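Below you will find the structure I want to go over with you.
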Amino acid sequence: MATERYNPRASEPKWQKAWDDEKLFETQNDDPRPKYYVLEMFPYPSGRIHMGHVRNYAMGDVVARWRRAMGYNVLHPMGWDAFGLPAENAARDNKVNPRDWTYANIETMKGQLKTMGLSLDWAREIATCDPSYYRHEQKMFLDFWRAGLVERKSAKVNWDPEDMTVLANEQVIDGRGWRSGALVEQRDLTQWFFKITSMSQELLDSLDTLDKWPEKVRIMQSNWIGRSEGMLVRWKLAKESAPEGETELEVYTTRPDTIFGASFMAVAADHPLARKAAETNPALAKFIDEVHRMGTSAATLETAEKKGFDTGIRVVHPFDESWTLPVYVANFVLMDYGTGAIFGCPSGDQRDLDFANKYGLPVVPVVMPEGADAKTFQIIDEAYVDDGVMINSRFLDGMTPKQAFDEVAMRLSGVTVGNRPQAERKVQFRLRDWLISRQRYWGCPIPVVHCDDCGSVPTPDKDLPVLLPTEVSFDKPGNPLDHHPTWKHVDCPNCGKPARRDTDTMDTFVDSSWYFARFTDPWNEQSPTTPKYADGPQGWLPVNQYIGGIEHAILHLLYSRFFARAMQVTGHLNEVKEPFEGMFTQGMVVHETYKGPKGWVQPAEVKVEETDGKRRATLLATGEEIEIGSIEKMSKSKKNVVDPDDIIASYGADTARWFMLSDSPPERDVIWTEAGVEGAHRFVQRVWRLISETSAELSGIAPQAASDGEAGALSKAAHKALKAVGEDIGRLGFNKAVARIYELVNAMQAPFAAVAAGKASPELRSAAREAVDILIVMIAPMMPHLAEESWAALGGEGFVANRRWPDFDPALVVDSEITYPVQVNGKKRGDLTIARDADQGAVEKAALALDFVQKALEGKSPRKVIVVPQRIVNVVV
RNA sequence: GCGGACGUGGCGGAACUGGUAGACGCAAGGGACUUAAAAUCCCUCGGGCUUGCCCGUCCGGGUUCGAUCCCCGGCGUCCGCACCA
């Protein structure tokens, strides 16, 4: 019988329309089935979707469709992270309005996503640039403020000179802006901050509860929060050297045990004591200026030489009134960590040692390795930082550093300096507050009015949302809202006098820190009252499975964790603290690069062939041979991008999805190859052939599993696959599920040939019908269009998308006979096939009777026989 | 420097809790069908030789009846953080 090839171009739009018409994927909040919320990180509407999106959404869709088949009420929404600088750049360069540009991109990308056949609830679509979205964000900002979670303060902030805006610490990568790549400068500015540090300990502790998160992400967050336990120690200034009015220097240390190894103090250039001393010391003032000039960017800090300047001030050692130490200003001490001042112990810290050696300061070893000789142990140019025994430390000698720490803490907390203890234990975090002000137009306006008399005044709830002006100019560099002729001029909501709006907008990471909650109830419009999102057992939150790139391991995931807590404080959430129960970080899509004489060349313009075991690339246009470069993330600069539209147009969405899920484990990078896509497409056609060639024979047949013979073998293969694929998808092991489906189709080949030829027994036809039903349900999460088309070809009723995932038959996934590998001295020498329920003794007896075992025994009895039931037999001779 | 992950055929990768290493796919080679091509189907595919045996999961040791998996010591690759006191 001649069969037609499967035509995705006809089939896919047809099924997409049918699903849409039926509103199949629109989710009801009051559906009684158990809830399951699966979410992929929503895209920025940059213009077109790329292969990374295809991979991300293909995975999410498998989870969503599978959970649906498992009987859950699945929430699987999509939206747009729609504020951001690229819209302003486009506006500036192409004279378009950022809003128009953004919405046009959304239209395009939505169309592209629709061609993928994703089971998304588009009725819940949101765009963060829509006032119906950001009005709630403004409300939350004000609620957070009232709850003490927002602060306006002057601070040293990261200034991106190219994007002309400030950045949060998390957005500075290797000293450069995360988006622009420009070297970041430090500036003193008054800005808005979310007080994420007020939750440092909680955000750290709660990481332990996230057992469905990648370990890697939890470690990264833990390091970012950066908790350390140490002590604040207050050193008295030696009276004759102290500047007017200064009496003490407070330092933070994690190593108070090394206090007898101290040989100098160092303070940051911005430390009050340094400033004070500089007032009467022009050379010191000059040094501080130098530090300021060079020390602005993290990149220059890295290569900068360690430098110090002796202030002439001396401090008194807390345990010895007669012992004074010099105070330096040093360029490597950070003002915003600890107290901006340290004591240097050269023998126990490499940086302190380098500094001491440079300035001729004493180096006294205070910790030595266990068993070393205290009389001869020396530190020359390598500090000793490991555990050991205290030496040269008076009453601490012989203790471990840990004991010495406690001893110092105990003794110093009993002494007072002024009216405070000389030292106290202190937990310090590396995490800084989240700076959210951005000097940009295309973002959520900060709903605050600044009044000369009343200060910063919240916009009253009744005046929300504070809308962005629609007419805006990008002719001048800098903040467009600030340049706007009228927008910022308003009356103070408090006193009614002329005042001005805050002209900054919020960091776009604020927009993405709560969108997962918004999806659960996008119709919630009760402003200005507090919108509340259902969570806990009755509601959707937390998200059960979140999927996205590892690049958000810190930024977005940490901010969202903060937000969920803050929303709970202000009543926007009831009880949920962690927004994402399960997190999965998927790998990138990478591709070979091609380099011609005129630079990088797109894959579409290249032909790659293998001859004599060597791969060569030639230009399609000219036949000229070009260089095959390294495999890298798809990027415009290397031109190694493949457009999803092209792939869907020529192979169909199912092929693209199937390929994305095959081969590579989802957390690792996947290499996009033409051959791989063709392989995936061959499988699509193969499944279709299998079904279309047998559909006439199988259409009216009732599915029935068999247990014996050829039909039984088929049923067993189908049920084993059903069990394995379900387990694999549940663990997000898509590549393994794909392999199982290949195995099943391979096993179906021969019996289905018999069915197609009309030579199958009634039992085999029934078993075949069952097997093909199972196959269709199993491929449906991954290749939904092909599944529907196949189901229709078999005369099935309704949508596959509505079918339940069948239960496997436990009797069919175990074999009545087991083939044991039989080892002699741990090496496999043959097999033993025996009844599954044979007891250990029977297995041993049968194994010993095998001729290769007899031969190995040479008439003697074995030293030992190991029988692991259902596994292996090992005869030790 | 600190923290983490990984290392298996020509390639992507399987291998459960220590139990047959290489499932599945890709590439390659051979054959069938065809006037021819495409498509499809069949066979081979870690290495070696004496064809039923030896070697083989980065390298060297160890534990074990048995190690890709556990332990010790190296080598290599990748990722994150980094003057954090």
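The structure presented is a predicted model; accordingly, all values stated were derived computationally and were not measured. Sequence lines set the chain letters: A, B, ... in the order given, protein chains first and strands last, and positions in each chain run from 1.
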* To do: Identify, with sequence neighbours excluded, every residue that meets salt bridge (Lys or Arg N to Asp or Glu O under 4.0 Å) alongside A:Glu170.
  => none

* Asked: For A:Lys216 and B:rG4, is the shortest distance between a side-chain N/O and OP1 or OP2 below 4.0 Å?
  ->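 For B:rG4, OP1/OP2 do not have a side-chain N/O of A:Lys216 under 4.0 Å.
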
Quiz: residues 423-430 of chain A side-chain donor-acceptor pairs under 3.5 angstrom, not counting sequence neighbours:
residue  : atom : partner  : partner atom : Å
A:Glu424 : OE1  : A:Arg234 : NH1          : 3.2
A:Glu424 : OE1  : A:Arg234 : NH2          : 3.0
A:Arg425 : NH2  : A:Asp406 : OD1          : 3.0
A:Arg430 : NE   : A:Trp224 : O            : 3.3

* To do: Write down the distance between CZ (A:Phe332) and P (B:rA85), rounded to a whole number of angstrom.
  =>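 Computing the A:Phe332:CZ to B:rA85:P distance gives 13 Å.
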
* What distance, rounded to whole Å, do you find between the two P atoms, one in B:rC72 and one in B:rA82? ->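 Pairwise P distance, B:rC72 against B:rA82, rounds to 30 Å.
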
* Asked: Can B:rG56 be described as syn, meaning its chi torsion is within 90° of 0, or is it anti?
  ->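 Nucleotide B:rG56 adopts anti.
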
* Taking atom P in both B:rC41 and B:rC24, compute the distance separating them and give it to the nearest angstrom. => 15 Å

* To do: Calculate the interatomic distance between A:Asn223 atom CG and B:rA5 atom P; express it in whole Å.
  => 12 Å

* In whole angstroms, how far is the P atom of B:rC24 from the CE atom of A:Met782? ->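 In whole Å, B:rC24 P and A:Met782 CE are 17 Å from each other.
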
* Asked: Atom OH of A:Tyr337 and atom C1' of B:rA82: how far apart are they, to the nearest Å?
  ->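 One finds 13 Å between C1' of B:rA82 and OH of A:Tyr337, rounded.
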
* Could you measure between the two C1' atoms, the one in B:rU44 and the one in B:rG22, and give it in whole Å? =>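 The answer is 16 Å between these two C1' atoms.
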
* From A:Leu661, A:Asp728, A:Ile779, residue fulfilling side-chain contact (heavy atoms from CB on, under 4.5 Å) relative to A:Val738 -> A:Leu661

* P atom, B:rG1 versus B:rG74: distance in rounded Å? -> 14 Å

* Could you pick out which residue, A:Ser664 or A:Gly679, lies toward the 5' side of RNA chain B when each is mapped onto its nearest nucleotide? => A:Ser664

* How far does the C1' atom of B:rC55 sit from the matching atom of B:rA21, given to the nearest Å? -> 14 Å

* Contacts of type salt bridge (Lys or Arg N to Asp or Glu O under 4.0 Å), residue A:Lys607, not counting sequence neighbours -> A:Glu609

* **A:Glu817: partners by salt bridge (Lys or Arg N to Asp or Glu O under 4.0 Å), with sequence neighbours left out** => none

* To do: Figure out the CG/C1' separation between A:Asn874 and B:rA67, and round it to whole Å.
  => 13 Å

* Asked: Applying a 3.5 Å limit to both distances, which nucleotide forms a Watson-Crick or G-U wobble pair with B:rG73?
  ->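 Across all strands, the one nucleotide that pairs with B:rG73 is B:rC59.
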
* Asked: Rounded to the nearest 0.5 Å, how far does OG1 of A:Thr254 lie from CD of A:Glu229?
  ->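 The distance works out to 10.5 Å.
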
* Asked: What integer number of Å spans the C1' atoms of B:rG60 and B:rG52?
  -> 31 Å

* **Separation of A:Leu850 CG from A:Leu832 CG (nearest 0.5 Å)** => 5.5 Å

* Starting from C1' on B:rC79, measure out to CD1 on A:Ile173 and report it in whole angstrom. =>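 Distance, rounded to whole Å: 13 Å.
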
* To do: Searching all strands shown, indicate the nucleotide that pairs with B:rG3 (Watson-Crick or G-U wobble; both distances under 3.5 Å).
  =>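 Its partner is B:rC79.
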
* For nucleotides B:rU50 and B:rU63, find the distance between their C1' atoms and express it as a whole number of Å. =>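 Pairwise C1' distance, B:rU50 against B:rU63, rounds to 36 Å.
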
* **ring pair (Phe, Tyr, Trp, His ring centres under 6.0 Å) partners of A:Tyr252, counting only residues at least two apart** =>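 Testing A:Tyr252 for ring pair (Phe, Tyr, Trp, His ring centres under 6.0 Å), a comparison that skips the adjacent residues, returns none.
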
* Structure fact -> Atom CH2 of A:Trp224 and atom P of B:rC81 are separated, to the nearest Å, by 7 Å

* Is there a side-chain polar atom (N or O) of A:Arg668 under 4.0 Å from OP1 or OP2 of B:rA5? ->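 Result: no.
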
* A:Asn169 has an atom CG; how far is it from atom P of B:rC81, in whole Å? ->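 A:Asn169 atom CG is separated from B:rC81 atom P by 12 Å.
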
* Reading nucleotides 37-57 of chain B from the 5' end, what letters show protein touch, with B for base, S for backbone sugar-phosphate only, - for no heavy atom under 4.0 Å? -> ---SS------------SS--

* **Residue met sooner reading RNA chain B from 5', once A:Val876 and A:Lys736 are mapped to nucleotides** =>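 So the residue in question is A:Lys736.
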
* Asked: Any side-chain N or O of A:Asn746 less than 4.0 Å from the OP1 or OP2 oxygen of B:rA23?
  -> no

